[in-house]
Number of protein chains: 2
Amino acid sequence: MKIDPKSSADLSAQISQSIKSAIINGDLIVDQRLPSESELADHFEVSRPTVREALKRLAAQSLIRTQRGATGGAFVNRLSFEDAYAQQVTTSTLLLSMNEVSFQTACEARYALERACAPLSAQRRNADQLATMRAEIFRQGQPELSDEAFCASDVAFHRALVDGAANPVLSYQLAGAVEAMQPLMNMITFSARDRARIVALHCQIADAIDLGDGAAASDGLQALEKETLSLAQKVFETRSTKSPPPQAG
Amino acid sequence: MKIDPKSSADLSAQISQSIKSAIINGDLIVDQRLPSESELADHFEVSRPTVREALKRLAAQSLIRTQRGATGGAFVNRLSFEDAYAQQVTTSTLLLSMNEVSFQTACEARYALERACAPLSAQRRNADQLATMRAEIFRQGQPELSDEAFCASDVAFHRALVDGAANPVLSYQLAGAVEAMQPLMNMITFSARDRARIVALHCQIADAIDLGDGAAASDGLQALEKETLSLAQKVFETRSTKSPPPQAG
DNA sequence: ATGTTTTTATTTGTCTGACATTTAAAAGTC
DNA sequence: GACTTTTAAATGTCAGACAAATAAAAACAT
């Protein structure tokens with residue numbers, strides 16, 4: 001584990017990269033303790049604050065955890081699905097909000113991926129998952145529900161659909177696609193009629209899952225994508241002719 | 001932007017979280033300059049090193065970039081697809097290597113997601129994409145190719161397939177699923193006959209894309225998944241009866 | 001001998017103050 | 001006006017110190 005003294009990059013960046021590589025290629029294994037900050041400082045021939053900056057970079061990526069005290073130190077962290085999931089949602093959300101991705105592009109990606117889950121989800125459906133889907137559908141039928149809460153329930157419904165595939169890798173990969181759309185959806189105003197159509201499609205999908213019919217669930221998702229797109233188009237047309245660019249909140 | 005003095009968490013973690021939230025909910029916009037380190041230190045009532053640790057945490061997530069000099073400082077960074085892509089590959093790779101995910105689970109997720117791209121990719125196919133796919137197929141036919149290079153070419157082939165969907169969000173979401181499998185694939189030894197079967201399926205898929213037949217491409221992927229799984233199963237059976245647990249490298 | 005308390009050593013967390021380096025703008029010079 | 005020099009502001013780095021947490025070791029009491 002060494003750093004290049006001629007490199008122009010920050011020392012802390014070089015050090016964190018060096019340790020990161022060691023973790024990735026297995027030189028440092030899960031729960032292994034790194035040398036203390038002072039030892040690292042000696043090893044890399046830098047000061048302790050510089051080492052600390054490097055370690056904080058790694059901590060920000062959940063690659064290490066630190067513990068104070070006599071037997072404390074920095075330990076290689078087992079990256080959990082939970083941590084990765086949260087990172088994925090944040091990254092995807094920022095990616096969409098910072099890069100002028102069209103609603104259509106994001107929507108297409110999301111539904112393409114969800115349809116990929118449908119057959120597995122239908123095949124492995126379980127009572128919990130179906131109960132969640134039904135509960136969210138019921139919630140979505142309540143007329144007093146705010147648009148924002150309606151969107152949140154929509155996300156919960158789709159998450160249940162995805163998690164039903166009982167494949168944690170799949171759930172993780174889809175986390176971003178499903179949740180990052182929420183801010184975009186929040187820009188839409190759902191009329192009672194809009195909601196009714198969406199709820200009907202949700203029912204159709206839940207029924208298909210219930211019957212173990214993946215193809216039918218996939219068809220339902222396709223219809224839902226079309227519905228969502230047309231709703232969004234209506235909103236953006238109105239916005240572009242009547243008012244300044246959309247502002248979230 | 002404030003922090004809780006009663007919290008037990010690290011000050012630098014609190015500060016980075018506070019700034020991160022400000023970025024996510026739009027209080028800080030892309031390319032906006034943050035206050036200088038000294039000003040932030042005054043604002044949060046901490047020392048400059050603590051502020052710096054917080055900023056390094058953000059830099060590690062590509063949320064800010066820093067610039068030295070008179071008009072320098074920390075700026076909110078536009079998260080690029082490229083950056084997000086790299087993050088996604090690293091995270092997915094570590095997730096698989098640290099969590100005893102079965103080959104089958106990872107494989108299932110990967111091919112399910114790839115099949116989701118097939119129809120779009122077939123519909124929007126272009127000369128570049130097809131040329132890449134054909135070139136990788138040719139490379140895979142060279143007998144002197146090492147197993148590792150064969151796997152790398154395999155990844156390149158699949159990336160071309162995914163990128164053919166011409167949806168950057170989709171490409172980003174699939175980056176992890178496709179590339180994180182490579183270390184797992186590298187544990188497999190491909191006989192000449194194995195390679196021939198895989199190349200044949202790659203041809204079948206490329207032809208289907210060429211013809212704009214998404215369903216056929218999807219079928220090809222399904223066959224390839226089955227082939228890959230049976231290969232892997234063969235390897236793991238041999239390993240478990242004849243030798244100690246697999247060790248990469 | 002055993003259980004409890006105290007001490008001690010180690011490690012991370014934080015602060016202060018300083019200097020080096022980079023960079024763009026301002027001031028000076030021809 | 002064009003070029004050079006100076007200056008100021010910002011990040012990057014360092015050194016040394018103290019605070020706080022924590023577990024092990026030592027001391028003590030029973």
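Any value given below was found using the heavy atoms of this structure, including those in side chains, with hydrogens, waters and symmetry copies removed. Chain letters run A, B, ... following the sequence lines, proteins first and then strands; every chain starts at 1.
Inspection of the A/D27 and A/N25 side chains reveals an N or O donor paired with an N or O acceptor under 3.5 Å. Inspection of the B/S16 and B/Q61 side chains reveals no N or O donor paired with an N or O acceptor under 3.5 Å. A/Q17 and A/S21 share a donor-acceptor pair across their side chains, judged by distance under 3.5 Å alone.
A straight line from CD1 of A/I64 to P of C/dT11 spans 15 Å, rounded to a whole angstrom.
With contacts defined as side-chain heavy-atom distances shorter than 4.5 Å, the pair A/L94/B/L63 qualifies.
Residue A/C117 holds its SG atom at 4.0 Å from CG of A/L170, rounded to the nearest 0.5 Å.
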If the sugar-phosphate is the primed atoms plus P, OP1 and OP2 and the base is the rest, what is the B/S/- string for nucleotides 2-16 of chain D, using protein heavy atoms under 4.0 Å? -------BSBBBB--
